[in-house]
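Note sheet for the following structure.
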Amino acid sequence: PFVSYADANPDGTHTDWSPPISLPLAPHTPTGATYLLPHVDPAGNLFTTITSFNPKQGYCCTSIFVDESTDGGNTWSVVGTAVSSATPPPLIYPNTTFRDGIEDTFTVGNQLTSKGKYPLYVAYEDYSAGFDNVLLTMSSDGGAKWSSPIQVNDNATPVDEFQPNLTVAASGTVSVAFYDRRLVCPSVGTSEGTAAGIALDGAAPSGATNYCVNASIQFYSPTLAPKGHNIRLTQHTWDPQLNSPHPGSPSGRETFIGDYYGNITSGTLDITSFVSTYNDGTNPANRQQQVVAQLSIP
């Protein structure tokens with residue numbers, strides 16, 4: 001992984017980009033480092049996570065470490081490891097054909113911790129239980145030490161929860177949005193099943209479990225005390241198999257619902273964007289569309 005930067009000017013222009021420099025890697029990092037997620041804390045320090053897969057072990061295990069720059073991006077150092085080992089989900093999720101997206105998400109907080117640092121947060125996927133769960137950890141000392149991970153999704157039955165996206169509100173409240181497969185697919189012949197296009201899916205997933213998708217969110221205090229339970233963002237369950245692109249080849253099995261799940265705050269609102277194929281009256285062909293949802297931050 002490499003980094004290059006430019007300085008923005010008040011008139012909307014910017015300086016030339018700096019020569020790219022190689023980001024330092026944690027000791028014993030195998031090749032396969034990816035997912036740079038740069039953020040700036042309120043003190044002006046730059047941080048990015050770097051996610052590493054191990055190709056020699058069949059990409060079985062994921063580690064996530066953090067680099068920091070205190071001089072505007074000129075020099076960088078490894079400050080710590082957020083996740084020493086996690087099990088990534090299979091490339092293609094069970095029961096369906098869509099592939100996994102980005103493994104983890106990273107953000108910085110805006111309220112100083114007891115150690116005089118701004119908190120760092122990492123949420124990531126872990127498949128070690130045989131289903132995908134979303135885990136969350138934080139550092140209160142600038143990235144050197146990280147808390148024991150907590151599970152974000154609170155589904156009662158084991159299903160896949162995946163593709164998390166983190167953000168922090170002005171109040172310091174942390175939110176993690178993610179895709180959620182805990183609800184069964186609507187049944188053929190019902191109004192929800194018709195609008196979801198269930199009859200159009202050749203796999204006939206009427207009433208299927210761990211198949212259709214929703215979007216959910218969980219809120220936390222700055223120290224990761226949960227605020228209530230998971231909140232469903234989608235109004236309607238949708239089928240990920242309908243009109244899904246084939247990124248490998250037109251005839252390939254692997255499909256795609258998009259890596260990118262938006263999560264940001266504005267004042268007292270949390271605003272998310274995610275994919276759905278549900279026909280709300282404006283999507284008669286059940287195409288993949290971006291849906292925007294907003295709710296008040298607790």
Side-chain angles (χ1 to χ4, degrees), residues 89-101 125 127 129-134 151-165 175-219 228-247 252-263 270-296:
L91 176 64
I92 295 176
Y93 277 98
N95 308 321
T96 44
T97 61
F98 67 89
R99 75 179 190 195
D100 184 40
E125 298 173 347
Y127 203 80
F131 293 89
D132 212 10
N133 290 307
V134 175
Q151 184 171 309
V152 175
N153 49 291
D154 59 11
N155 43 293
T157 56
V159 294
D160 293 318
E161 317 285 349
F162 56 99
Q163 220 158 298
N165 197 299
S175 66
V176 188
F178 56 95
Y179 282 127
D180 187 335
R181 297 219 285 185
R182 78 184 71 186
L183 298 182
V184 301
C185 293
S187 299
V188 170
T190 64
S191 58
E192 280 291 297
T194 299
I198 299 300
L200 304 176
D201 186 335
S206 180
T209 59
N210 202 33
Y211 192 105
C212 291
V213 180
N214 280 270
S216 296
I217 194 167
Q218 175 66 48
F219 292 97
H229 297 281
N230 294 173
I231 299 171
R232 184 185 181 192
L233 293 170
T234 36
Q235 292 179 320
H236 306 282
T237 303
W238 57 278
D239 187 336
Q241 297 298 101
L242 300 181
N243 296 301
S244 51
H246 292 252
R253 178 172 180 265
E254 177 189 331
T255 58
F256 186 57
I257 63 171
D259 284 347
Y260 305 105
Y261 190 134
N263 186 14
D270 189 288
I271 302 167
T272 55
S273 64
F274 44 84
V275 170
S276 174
T277 60
Y278 186 86
N279 176 21
D280 61 355
T282 65
N283 188 23
N286 296 100
R287 302 288 186 187
Q288 284 191 7
Q289 294 188 331
Q290 282 287 324
V291 176
V292 177
Q294 66 180 30
L295 73 163
S296 296

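Any value given below was found using the heavy atoms of this structure, including those in side chains, with hydrogens, waters and symmetry copies removed.
Counted within 6.0 Å of CZ on Arg232, heavy atoms from surrounding residues, nucleotides or ligands total more than 12; the atom is thus considered enclosed. Shown here is Gln290, whose CD atom has more than 12 heavy atoms of other residues, nucleotides or ligands within 6.0 Å.
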**Message:** Could you walk me through whether Tyr93 and Asp100 satisfy the side-chain contact (heavy atoms from CB on, under 4.5 Å) test, starting with their C-alpha distance in whole Å, then the side-chain angles of each, then the deciding distance to 0.1 Å, before giving a yes or no?
**Reply:** CA-CA 7 Å; Tyr93 277 98; Asp100 184 40; 2.9 Å; yes

**Request:** Output, in order, the C-alpha distance, side-chain angles, deciding distance and verdict of side-chain contact (heavy atoms from CB on, under 4.5 Å) for Asn153 and Phe131.
**Result:** CA-CA 12 Å; Asn153 49 291; Phe131 293 89; over 6 Å; no

**Message:** Evaluate Asn263 against Thr272 for side-chain hydrogen bond (donor to acceptor under 3.5 Å, both in side chains), listing each step before the verdict.
**Reply:** CA-CA 4 Å; Asn263 186 14; Thr272 55; 5.9 Å; no

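Residues Tyr179 and Ile257 are in side-chain contact: their nearest non-hydrogen atoms beyond the backbone lie under 4.5 Å apart. Between Asp239 and Asn286, every side-chain heavy-atom pair lies at or beyond the 4.5 Å cut-off. Contact annotation: the side chain of Gln241 approaches that of Tyr211 to within less than 4.5 Å [non-hydrogen atoms, C-beta and beyond]. Looking at Glu161 and Val152, their side chains never come closer than 4.5 Å, going by heavy atoms from C-beta outward.
If you check the side chains of Asn230 and Ser216, you find no donor sitting under 3.5 Å from an acceptor.
Partner of Arg182 under the side-chain hydrogen bond (donor to acceptor under 3.5 Å, both in side chains) criterion, out of Asp160, Asp154, Thr157, Asn210: Asp154 alone. If you run side-chain contact (heavy atoms from CB on, under 4.5 Å) between Cys212 and each of Val184, Ile198, Asn95, only Ile198 comes through.
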